[in-house]
Amino acid sequence: AMPLVERAIAYNALHQYNDAVIDLDKAIKVMGWNEAEMYRLLAKALNENHLSRSALYDAEAAVNLDPKNAGAYNTRGQTKAMLGDDVDGALADLKRAAELDPRYEPSYQEYMHALATAQANNGDKPSAAAAPQADASGNSYDSLDGWLKTKGWSITSRQIYIFSIP
């Protein structure tokens with residue numbers, strides 16, 4: 001099964017996501033491999049194929065198999081963000097990924113920025129639940145918008161989803 005996984009990783013790198021899905025699916029189902037990283041890679045490939053509903057199932061499996069896998073939380077958070085029906089869940093997963101591994105902090109910050117942008121463009125107020133309770137200096141904010149402004153971020157950008165995926 002290892003050659004299948006190695007080839008799937010290569011397919012992902014070459015943006016040949018259909019082939020990556022086939023190899024990872026075979027490695028998981030036929031070969032009986034049950035590892036979080038394989039499910040995470042499968043979810044990532046499914047997302048790239050615009051199959052985010054299917055990807056969510058595999059991202060959930062990755063988190064359940066390894067609750068300390070930052071990449072699994074990041075992938076599940078991005079999947080939820082792409083689906084758009086669980087913003088709070090997406091934020092929680094991206095935040096958890098950043099807590100587990102600082103390399104995922106940009107993904108969390110960029111999604112918060114994108115969320116604020118989308119809400120600002122739609123005339124909605126940012127969700128207070130999505131805002132941090134306080135920054136590192138202990139300053140509290142009542143909205144995501146207020147917190148983003150303290151970071152010097154513009155909320156007028158039209159780009160909605162920008163992700164940094166290590």
Side-chain angles (χ1 to χ4, degrees), residues 1-119 121-122 127 130 132 144 148 151 153-155 157-166:
M2 201 58 180
L4 287 173
V5 176
E6 291 170 359
R7 189 169 66 183
I9 291 169
Y11 283 143
N12 263 336
L14 295 170
H15 306 285
Q16 296 176 0
Y17 303 111
N18 286 329
D19 294 324
V21 167
I22 290 167
D23 280 359
L24 287 165
D25 193 54
K26 189 181 295 184
I28 291 169
K29 292 181 180 151
V30 176
M31 307 304 273
W33 281 43
N34 199 23
E35 295 183 16
E37 190 61 14
M38 290 179 57
Y39 281 99
R40 185 189 77 79
L41 289 171
L42 180 56
K44 183 178 173 188
L46 288 166
N47 276 332
E48 294 294 341
N49 278 327
H50 308 286
L51 298 170
S52 295
R53 289 270 173 226
S54 296
L56 186 57
Y57 172 82
D58 293 304
E60 292 279 355
V63 169
N64 290 333
L65 286 168
D66 185 359
K68 294 187 181 197
N69 184 323
Y73 281 98
N74 193 63
T75 300
R76 187 173 74 176
Q78 290 183 4
T79 302
K80 289 176 180 178
M82 288 178 204
L83 290 169
D85 53 5
D86 186 6
V87 171
D88 291 336
L91 281 171
D93 283 346
L94 294 170
K95 181 178 181 182
R96 182 67 181 137
E99 290 169 352
L100 290 169
D101 185 339
R103 292 178 302 157
Y104 291 100
E105 181 69 22
S107 185
Y108 172 59
Q109 299 295 340
E110 289 166 0
Y111 181 65
M112 286 181 34
H113 177 71
L115 178 62
T117 300
Q119 290 173 331
N121 289 340
N122 292 329
S127 167
L144 180 59
L148 288 171
K151 301 298 180 189
W153 286 344
S154 166
I155 59 169
S157 167
R158 291 280 183 201
Q159 187 146 6
I160 301 301
Y161 292 110
I162 314 165
F163 292 109
S164 300
I165 306 172

Return the CD to CG distance between Glu48 and Leu46, rounded to the nearest 0.5 Å. 10.5 Å

Which atom names give the shortest non-hydrogen contact between Tyr108 and Leu94, and what distance separates them? CB-O, 3.7 Å

So Asp93 and Asn74, do their side chains get closer than 4.5 Å, heavy atoms only? no

Minimum heavy-atom separation for Pro67 and Leu100, please, with both atom names. O-CD1, 4.0 Å

Just do the side-chain contact (heavy atoms from CB on, under 4.5 Å) check on Leu83 and Arg53 with the steps written out, would you? CA-CA 7 Å; Leu83 290 169; Arg53 289 270 173 226; 3.7 Å; yes

How far apart are the closest heavy atoms of Tyr104 and Gly71, and which atoms are they? OH-CA, 3.3 Å

Can you see which heavy atom on Tyr111 is nearest to which on Ala81, and at what distance? CE1-CB, 3.3 Å

Atom pair OH/CZ of Tyr39 and Arg76 - distance to nearest 0.5 Å: 15.0 Å

If you take all heavy atoms of Ala90 and Gly77, which pair is closest and at what distance? CB-O, 3.4 Å

Partners passing salt bridge (Lys or Arg N to Asp or Glu O under 4.0 Å) against Asp66 (at least two apart in sequence or in another chain): none

Pairs where residues 7-20 contributes a residue and the test salt bridge (charged side-chain N to carboxylate O under 4.0 Å, His left out) is met, not counting sequence neighbours: Arg7-Asp23

By the definition side chain to side chain contact (heavy atoms under 4.5 Å, CB included), identify the one residue from Lys80, Arg96, Met112 that meets it with Leu91. Met112

Backbone of Glu60 reached by a side-chain donor or acceptor of Asn64 within 3.5 Å: yes

Please report the closest heavy-atom contact between Met38 and Val5, naming both atoms and the distance. CE-CG2, 3.7 Å

Roughly how far, to the nearest 0.5 Å, is the CG atom of Asn18 from the CG atom of Asn49? 4.0 Å

Between CG on residue Leu56 and CG on residue Leu51, distance to nearest 0.5 Å: 12.5 Å

Hey, which of Asn47, Asp58, Asp86 is the one that makes side chain to side chain donor-acceptor pair (under 3.5 Å) with Thr79? Asn47

